[in-house]
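Right, one structure below, let's go through it.
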Amino acid sequence: VAFALDLRPHPAPGGPLAWARVPWDSDALGLEVFELRCEGEADAVAGALPSLLADLDARGAHLAVARVPIGATALARVLGAAGFSAVEASFELSLPLRRRASAPPVRFPAGLLLRDATPADEDAVAAIAREAFANDRYHLEPAVDPERASDRFEGWVRRAFADGDAVLVLVDDRDRTIGFFHVRPDAGGDVDLSLAAVAAQFRQAGVGPLLYAAVLDLLRERGHRTAHTRIAAQNLDVLNVYAHLGFAFTRSLICLHRPSGR
Ligand SMILES: CC(C)(COP(=O)(O)OP(=O)(O)OC[C@H]1O[C@@H](n2cnc3c(N)ncnc32)[C@H](O)[C@@H]1OP(=O)(O)O)[C@@H](O)C(=O)NCCC(=O)NCCS
C-alpha cells in the first residue's frame, strides 16, 4: 500500500513509542525523516524517549517528527524537554459523503472538464504541486532546504501516478491543466483527500470550491462512504472551502519537529 509506514515499538515489544523511517519524505528532502508516535501515557513516553532519540542521533543527520492532540499538555511538555518544537497546528476534517446526495450538481464554467488523469497528465500535475505549497511545515523548517521541500510535493504526485492511485484533473478546452486532486481510498470504504491544488493563475476565481465539490460527488458515486483529510491551520483558503462544503473539524493536532543535534 502506498504511504504505509513500517512502525516499530520502542522499546520492543509493546513500548509506549512507535517509530518509523518515512521513506518518501527522506528521499525527497535528502535528510532522514523519522515519525514518532506516542502511544502510551506521558510518563511512560518520558521514560522511553531518551534511548530512542539516542538511537536516532547515532544514525547521523535526521529530523524526528511527532504529532500530538492539542490538549495533550503533558505529552507536549515531555517532547519539548527532549528538544522538539511545535512547527504546525492542523485539523482533521471529515464528511459523510451521503450528505452530498442532496447538493445541486456541480456546474463548471463552459469548457472545463473533470476527468481521471492519464500518464500524459503527470508532468503538468507535478508542476502545479511543485509551486502550490510554500507554507507547510517543511518549507517553514530551517533544517530543510526549501527547494527540497518543493521536491517533496512534486514527488508526492509522481509517486501517486507510479503507484496507480486515483488522480483527477480539471482541464480546459485546450487541455490545459487547471487543477488536480489526489485521493487514497482506505480499506474501510473511506477515502483520504490526500493532495489537491489549483494552478496559481486560476486561483481566487471560485474554481477550487467547484473542483472540491465535484470530486466529492464523484467519490460518492464510486461508493466511498466518508471523506477525511488533515489540513494545516494556516491554510485558510482550503479550510474555508471545506467549511463551506460542510466538513466537521474533528480533531486539532500539533506537529513537532526535532532536528538532530538539538
Ligand atoms: C485551496 C485552493 C485549491 C482554493 O482554490 P481557489 O480556486 O483559489 O479557491 P477560491 O479562492 O476561488 O475559492 C475560495 C473562495 O470561495 C469561497 N467559497 C467556497 N465555497 C463556496 C461556495 N460553496 N459558495 C460560495 N463561495 C464559496 C471561499 O470562502 C473563498 O472566498 P474568499 O476567497 O472570497 O474568501 C487554492 O488556493 C490552492 O490551490 N492552494 C494551494 C494548494 C493548497 O493549499 N491545497 C490544499 C491543501 S491539500
Side-chain angles (χ1 to χ4, degrees), residues 2-3 24-25 28 67 87-95 97 99-114 117 121 124-140 146 149-161 165-172 176-185 191-220 227-250 252-253 255:
F3 294 98
W24 42 89
D25 285 354
R67 259 187 210 92
V87 289
E88 188 171 84
S90 60
F91 300 108
E92 288 179 356
L93 297 104
S94 76
L95 181 77
L97 289 169
R99 298 257 183 86
R100 294 291 307 163
S102 53
V106 173
R107 292 197 191 290
F108 285 111
L112 295 195
L113 171 74
L114 181 69
D121 295 307
V125 170
I128 296 174
R130 187 174 183 85
E131 63 76 33
F133 302 91
N135 294 312
D136 59 282
R137 63 193 170 85
Y138 284 131
H139 279 99
L140 300 177
S150 299
D151 291 345
R152 171 178 178 259
F153 286 102
E154 178 173 346
W156 188 324
V157 296
R158 291 202 185 276
R159 174 183 301 271
F161 277 88
D165 285 0
V167 180
L168 297 149
V169 284
L170 183 65
V171 294
D172 71 5
R176 287 185 304 179
T177 310
I178 309 297
F180 77 89
F181 219 114
H182 169 222
V183 300
R184 286 192 312 237
V191 60
D192 173 26
L193 307 174
S194 163
L195 197 71
V198 168
Q201 67 270 36
F202 302 107
R203 284 188 207 143
Q204 305 285 312
V207 171
L210 297 176
L211 170 63
Y212 280 61
V215 166
L216 294 174
D217 290 346
L218 201 67
L219 294 172
R220 187 179 72 84
H228 55 86
T229 191
R230 185 172 63 220
I231 299 292
Q234 71 267 26
N235 197 343
L236 293 178
D237 288 339
V238 73
L239 283 180
N240 276 317
V241 173
Y242 280 123
H244 278 287
L245 287 165
F247 274 71
F249 289 48
T250 52
S252 311
L253 299 164
C255 182

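For ligands, and for the atoms within them, numbers begin at 1 and follow the listed sequence.
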Under 4.0 angstrom from [atom], is there any protein heavy atom?
atom	result
atom 31 (O) of ligand 1	no
atom 25 (C) of ligand 1	no
atom 13 (O) of ligand 1	yes

Any heavy-atom pair between the side chains of [Y] and [X] that's under 4.5 Å?
X	Y	answer
F202	I128	no
R100	L95	yes
L195	V157	yes
L114	F181	no
N235	N135	no
H228	D192	yes

Looking only at protein heavy atoms, identify the closest one to [atom] and say how far it is in Å.
atom	value
atom 16 (O) of ligand 1	P209 CG, 3.5 Å
atom 39 (O) of ligand 1	V198 N, 2.8 Å
atom 36 (C) of ligand 1	R203 CD, 3.6 Å
atom 1 (C) of ligand 1	V238 CB, 3.7 Å
atom 45 (N) of ligand 1	A196 O, 2.8 Å
atom 5 (O) of ligand 1	G208 CA, 3.3 Å
atom 29 (O) of ligand 1	H244 NE2, 3.0 Å
atom 43 (C) of ligand 1	F133 CE2, 3.3 Å

(message) Evaluate R184 against D165 for salt bridge (Lys or Arg N to Asp or Glu O under 4.0 Å), listing each step before the verdict.
(response) CA-CA 7 Å; R184 286 192 312 237; D165 285 0; 5.3 Å; no
Please state which part of [X] comes within less than 4.0 Å of ligand 1, counting heavy atoms only: side chain, backbone, both or neither.
X	result
A205	backbone
A197	both
T229	neither

(request) Give yes or no for whether the N/O distance cutoff of 3.5 Å, strictly under, is met between I231 and ligand 1. (result)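 By distance alone, the answer is no.
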(request) May I ask you to check whether N240 has an N/O atom sitting below 3.5 Å from an N/O atom of ligand 1? (result)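 No, N240 has no N/O under 3.5 Å of an N/O on ligand 1.
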(request) Under 4.0 Å from a heavy atom of N235: give me the atoms of ligand 1 that qualify, with their elements. (result)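 Those atoms are 43 (C), 44 (O), 46 (C), 47 (C).
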(request) Report, in ascending order of atom number, the atoms of ligand 1 lying under 4.0 Å from any heavy atom of Q204. (result)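 Near Q204, the atoms of ligand 1 are 6 (P), 7 (O), 8 (O), 10 (P), 11 (O), 12 (O), 33 (O).
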(request) For T250 and E92, indicate whether the former's side chain and the latter's backbone hold a donor-acceptor pair under 3.5 Å. (result)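 Yes.
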(request) Please lay out, stage by stage, how R230 and L253 fare under the test side-chain contact (heavy atoms from CB on, under 4.5 Å). (result) CA-CA 9 Å; R230 185 172 63 220; L253 299 164; 3.9 Å; yes
(message) Out of the candidates R158, R130, R159, only one should pair with D151 under the salt bridge (Lys or Arg N to Asp or Glu O under 4.0 Å) rule; please name it.
(response)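 Filter result, single survivor: R130.
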(message) Students often mix this up, so state it plainly: with edges at 30° and 60°, are the rings of F153 and H139 parallel, tilted or perpendicular?
(response)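 Parallel: the ring planes of F153 and H139 meet at under 30°.
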